[in-house]
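A short write-up of the structure that comes next.
Proteins come first, then strands; the chains are lettered A, B, ... in the order of their sequence lines, and each starts at number 1.
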Amino acid sequence: MDTSQQTLNKYQRIYQVVCLIPPGQVATYGDIARFANLPRHARLVGYALHALPENSDVPWQRVINHQGRISLGRLYPEGEQRQRAALEAEGVVFGENGRVNLKRYRWQPDPFLLDAFFNPPHPGPEQST
DNA sequence: CCGTTGACGTAAT
DNA sequence: AATTACGCCAACG
């Protein structure tokens, strides 16, 4: 078995969960890790998102840290502005301190939806239109 | 192979 | 509320 395949599987699972975040809402890295059945792997979520290509459809912008702040700015200040602009375009409002009110915008997925997502009755959960 | 780093989180101080 | 310490684990040199 190829361990890199396992890693890809983890990344893919992370990406899938991120894709479930509705526009105008946000999730923390820890949330994504938890929903992806990878508890305490928040850093892995960050690493996975870092590895995303530019043309990806994954709404990586909706993932912020537990303080309600944009973590991307630590390394890429331009990326922070980009992420903030994208979120504001979805209706997410930033406070004076540059933070998002997680009480209001934090995504709370339906447990049944997640269960159905990880245990699809039929292969291809994204097949339907 | 080992030490450091990193789009993090939680708890303690 | 801000800082420190620690845990976590893949990627990098």
Sugar-phosphate only, base, or nothing, as touched by Arg43(A) at under 4.0 Å among non-hydrogen atoms: base

Members of residues 79-102 of chain A that approach DNA chain C, where some heavy atom sits under 4.0 Å away: none

Gap between atom CD of Glu80(A) and atom CD1 of Ile64(A) - 0.5 Å precision: 11.0 Å

First encountered from the 5' end of DNA chain B, between Arg40(A) and Tyr76(A): Tyr76(A)

Distance, rounded to the nearest Å, where Arg34(A) contributes CZ and dG7(C) contributes P: 21 Å

Leu87(A)-Val93(A) co-clustered via ILVMFWY side chain contacts under 4.5 Å: yes

Pairs involving residues 19-32 of chain A, ordered by first then second residue, that meet side chain to side chain donor-acceptor pair (under 3.5 Å) (sequence neighbours left out): Thr28(A)-Asp31(A), Asp31(A)-Arg34(A), Asp31(A)-Arg106(A)

Interface polar pairs with nucleotides 11-13 of chain B, N/O, under 3.5 angstrom:
none

Strand-adjacent residues in residues 44-52 of chain A, judged by heavy atoms under 4.0 Å from DNA chain B: Gly46(A), Leu49(A), His50(A)

Spacing of Ile14(A) atom CD1 relative to dC8(C) atom C1', expressed in whole Å: 13 Å

Hydrophobic cluster membership, Leu113(A) vs Val26(A), 4.5 Å side-chain cutoff: no

Heavy-atom pair with the smallest gap, counting every atom of Tyr105(A) and Val92(A): CE2-CA, 3.9 Å

Selection: residues 57-71 of chain A, any non-hydrogen atom under 4.0 Å of DNA chain B: Trp60(A), Asn65(A), His66(A), Ser71(A)

Value in whole Å for how far the C1' atom of dC9(C) lies from CZ of Arg13(A): 14 Å

Trp60(A): partners by ring pair (Phe, Tyr, Trp, His ring centres under 6.0 Å), with sequence neighbours left out: none

Side chain to side chain donor-acceptor pair (under 3.5 Å) pairs, two or more places apart, involving residues 66-75 of chain A: Asn65(A)-Ser71(A)

With sequence neighbours excluded, residues passing side-chain hydrogen bond (donor to acceptor under 3.5 Å, both in side chains) with Asp110(A): none

Would you give me the side-chain donor-acceptor pairs under 3.5 Å for residues 36-59 of chain A, sequence neighbours excluded?
residue  : atom : partner  : partner atom : Å
Glu54(A) : OE1  : Arg82(A) : NH2          : 3.4
Ser56(A) : OG   : Val58(A) : N            : 3.0

Any pair counted as side chain to side chain donor-acceptor pair (under 3.5 Å), so long as it reaches residues 83-93 of chain A, sequence neighbours left out: Gln61(A)-Glu90(A), Arg62(A)-Glu90(A), Arg84(A)-Glu88(A)

Side-chain heavy-atom pair Ile14(A), Ile32(A) within 4.5 angstrom cut-off: yes

Qualifying residues under ring pair (Phe, Tyr, Trp, His ring centres under 6.0 Å), relative to Phe35(A), sequence neighbours excluded: Trp107(A)

d(NE2, His41(A); P, dC6(C)) in whole Å: 20 Å

Only distances under 3.5 Å count here; give the side-chain donor-acceptor pairs of residues 95-104 of chain A to other protein atoms, sequence neighbours excluded, each with its distance to 0.1 Å.
residue   : atom : partner   : partner atom : Å
Asn97(A)  : OD1  : Arg99(A)  : N            : 3.2
Asn101(A) : OD1  : Lys103(A) : N            : 3.0

